[in-house]
Amino acid sequence: MAIQNDQFKKIVAHCKEYGFIFQSSEIYDGLSAVYDYGPYGVELKNNIKQYWWQSMVQMHENIVGIDAAIFMHPKTWKASGHVDAFNDPLIDNKDSKKRYRADVLIEEYMEKIEVKINKEIKKAHKRFGDSFDEVKYRAENPRVAKYIANHADIGSQLASAMSNNDMVTLKGIIEELQIACPVSGSRNWTDVRQFNLMFSTQLGNVAGEEGKLYLRPETAQGIFVNFLNVQKTTRQKIPFGIAQIGKAFRNEIVARQFIFRMREFEQMEMQFFVAPGEEMKWYEYWKDTRLKWHKAIGTPEEKLRFHKHENLAHYANAAVDIQFNFPFGFKELEGIHSRTDFDLSSHQELSGKKLQYFDPVLGENYVPYVVETSIGCDRMFLATLSNAYEEEIVPDAKGNDSTRTVLKLNPAIAPVKCAVLPLVKKEDALTKKARAIFEDLRFSFNCQYDEKDGIGRRYRRQDAIGTPYCVTVDGTTLEDNTVTIRERDSLEQIRVPIEKVEQIMSDRINMKKLFL
RNA sequence: GCGAAUAUAGUUCAAUGGCAGAAUUCCUGACUUCCAAUCAGGGGAUAUCGGUUCGAGCCCGAUUAUUCGCUCCA
């Protein structure tokens, strides 16, 4: 564990040092759980997105893409269940460090009053026997009446505070009633805070509930609300899928472990619409297909595993995670969920618009079932980087051991594909030649030209950002127009004619290989 | 969110309450024909705000961030 955490620290430091990831707003001391992608980070991330998009959309005739807006109609989140399921007033007891829902604490207090009322009634019933009139007793007995009034009073205060989202009043009620923590018995409470997973903002300048908008907590809903638009305009027939890559926002209680859990993050989601009853077949298909995707990019099988959900979310009838063995342990990387017809049905109900598909084979209308694959782009980035990061012992110029830090990224997703290096800087003929090769290769892929420092140091610099190939221009180049291509992982060099470099490189970095 | 710890140069680490220093990185130059070479020169820091003190990197308080534990997790 200690070794692994050490490894994780090194990866985080490497990300910063080599321009992959910076903390957001660093000059202002940073913003918690928000990170920026640097020059190499954005290249790698874009390549990961491209790999996903090509494998899902380009390679599946029955999957199409969309790019829905981050802002959506507020009713969307009512339909999806996000508004109701994740909107709780929370309070902590400072002594027991236990967290409670403030409204539940008050409700529990009210229940205790009810118990007292019932006790009184029971006692009276015993005393008066068959002649006991409960309704009359409730109304006329002063002690019971007081309890009932108190109960009603608290109830209305609670209801009004809840509907106004008034956290101060909620805290006030708890203080006034002297509610104590069931664990510590103390009344040492924090303020009541609203925990809402969703970030809200407002549309226009109009204050009030109408203008309130949420930043989407998942991209999936943009797909669901566009289900019919897409199905009709692309003439897709079930089964078919809609894919989307986009930002999502979640107000996590704790956001830690670098880019693993961020408040603003990017999802790559695909919702696959199937006939009711077919969902488990497709669920298995996508489990299998997605695992293959991970393995094809070079993630070793032993670092991946399925993790079945025992407690299912409100929308699902089956759910499994693909977990990756991060430096801090196996954690969720991708989710594959059978979402039933929950979302489409819910939107259909709330919008009053039919979201159904006429199945020509069955000759009937139905609300399709959905199988979702949802992968965190940033988590994939972290997984890829964790897997690629290595410190190796290699011989230096004198044959002694030296360590090199290298990112063994799959060439297809490496930020820079190729560095063009003149062996020495001082000879104009070499630098000129190298420069010309660079100017040509840059049309085909992301290249760098570097003439500073010794050749060994330049190789190491490229290793550190995961550049798979270095083209070196030396004295022989000037004689016969050949260069060496140095391979990152093996350190081996091959000598090839300049005019063949572009083709050789293109073959080696081609993403096509990953799909075969 | 609670508790504890931490915060000095891009990075790693020094500095008894009294001149903020080194290594490395970076920039410039010399030398150098294949895996972090060498030499010379240069740039660069006390997280933020306040307090105590003749004087604060060091003591005190707050804030921010990070790490660890708890808590939460679709």
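What you are looking at is a predicted structure, and each value in this text was computed from that prediction instead of being measured.
Remark: A:Asp474 pairs with A:Thr477, A:Arg495 by the side chain to side chain donor-acceptor pair (under 3.5 Å) rule, at least two apart or across chains. Applying the ring pair (Phe, Tyr, Trp, His ring centres under 6.0 Å) rule to A:Tyr283 yields no partners; only residues at least two apart in sequence or on another chain are considered. With sequence neighbours excluded, no residue forms a ring pair (Phe, Tyr, Trp, His ring centres under 6.0 Å) with A:Trp53. The side chain to side chain donor-acceptor pair (under 3.5 Å) check on A:Ser338 picks up A:Asn317, with sequence neighbours excluded. In terms of the side-chain contact (heavy atoms from CB on, under 4.5 Å) criterion, residue partners of A:Pro239 (sequence neighbours excluded) are, by chain and number, A:Phe272, A:Val274, A:Trp282. In terms of the salt bridge (Lys or Arg N to Asp or Glu O under 4.0 Å) criterion, residue partners of A:Glu218 (sequence neighbours excluded) are, by chain and number, A:Arg339. Shown here are the side chain to side chain donor-acceptor pair (under 3.5 Å) partners of A:Arg290, two or more places apart in sequence or in another chain: A:Glu334. Evaluation of the side chain to side chain donor-acceptor pair (under 3.5 Å) rule for A:Asn446 yields A:Glu43 as partners, not counting sequence neighbours.
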Atom pairs, protein N/O to nucleotides 8-13 of chain B N/O, distance under 3.5 Å:
unit_1 : atom_1 : unit_2  : atom_2 : d
B:rU11 : OP1    : A:Lys16 : NZ     : 3.3

Just the atom pairs and distances: protein N or O near nucleotides 37-40 of chain B's N or O, under 3.5 Å.
unit_1 : atom_1 : unit_2   : atom_2 : d
B:rA37 : OP1    : A:Arg457 : NH2    : 3.3

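Each of A:Lys452 and A:Arg495 was matched to the nucleotide of RNA chain B holding its nearest heavy atom; the match closer to the 5' end belongs to A:Lys452. Along RNA chain B, the nucleotide closest to A:His309 and the one closest to A:Leu491 are compared, and the more 5′ of them pairs with A:Leu491.
Heavy atoms of A:Gln493 sit under 4.0 angstrom from at least one base atom.
Annotation: B:rG21 and B:rC59 have their C1' atoms spaced 23 Å apart (nearest Å).
Rounded to a whole Å, the CZ atom of A:Phe265 is 13 Å from the P atom of B:rA74. Regarding A:Arg461, its CZ atom lies at a distance of 18 Å from the P atom of B:rC34, rounded to whole Å.
Summarising the geometry of A:Asp321 relative to A:Gly335, their closest heavy-atom pair is OD1-CA, 4.0 Å, with the distance given to 0.1 Å. The two residues A:Val371 and A:Glu279 have their closest heavy-atom pair at CG2-O, 3.6 Å.
In this structure, B:rG69 forms a base pair with B:rC2, meeting either the Watson-Crick or the G-U wobble geometry with both donor-acceptor distances under 3.5 Å. Applying the Watson-Crick and G-U wobble criteria (two distances, each under 3.5 Å), B:rC13 pairs with B:rG21. Searching all strands for a Watson-Crick or G-U wobble partner of B:rC26 with both distances below 3.5 Å returns B:rG42. In this structure, B:rU8 makes no Watson-Crick or G-U wobble pair, since no nucleotide meets both defining distances under 3.5 angstrom. Both distances falling under 3.5 Å, in either a Watson-Crick or a G-U wobble arrangement, occur for no nucleotide opposite B:rC31. The nucleotide B:rA56 finds no pairing partner, because no Watson-Crick or G-U wobble arrangement with both distances shorter than 3.5 Å includes it. Base pairing of B:rU48 is made with B:rA62, judged by Watson-Crick or G-U wobble geometry with both donor-acceptor distances under 3.5 Å.
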All N/O donor-acceptor pairs, side-chain side in residues 415-430 of chain A, below 3.5 Å, sequence neighbours left out:
unit_1   : atom_1 : unit_2   : atom_2 : d
A:Lys417 : NZ     : A:Pro411 : O      : 3.0
A:Lys417 : NZ     : A:Ala412 : O      : 3.0
A:Lys417 : NZ     : A:Ala414 : O      : 2.9

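With hydrogens and angles ignored, a donor-acceptor pair closer than 3.5 Å exists between the side chain of A:His82 and the base of B:rA74. For a distance-only test at 3.5 Å, the side chain of A:Arg486 qualifies as a donor-acceptor partner of the base of B:rC35. In terms of polar N and O atoms assigned as donor or acceptor, the side chain of A:Arg250 never comes within less than 3.5 Å of the base of B:rC73 in a complementary pairing.
Between A:Phe324 and A:Phe326, the ring-plane angle classifies as perpendicular under the 30° and 60° cut-offs.
When the nucleotides B:rC73, B:rA36, B:rU33 are ranked by their closest atom to the side chain of A:Glu427, B:rU33 comes out on top.
For A:Lys426 and B:rU32, the shortest distance from a side-chain N or O to OP1 or OP2 is below 4.0 Å. Residue A:Ser32 places none of its side-chain N or O atoms closer than 4.0 Å to OP1 or OP2 of B:rU64.
Across residues 374-387 of chain A, not one residue has a non-hydrogen atom less than 4.0 Å from an atom of RNA chain B.
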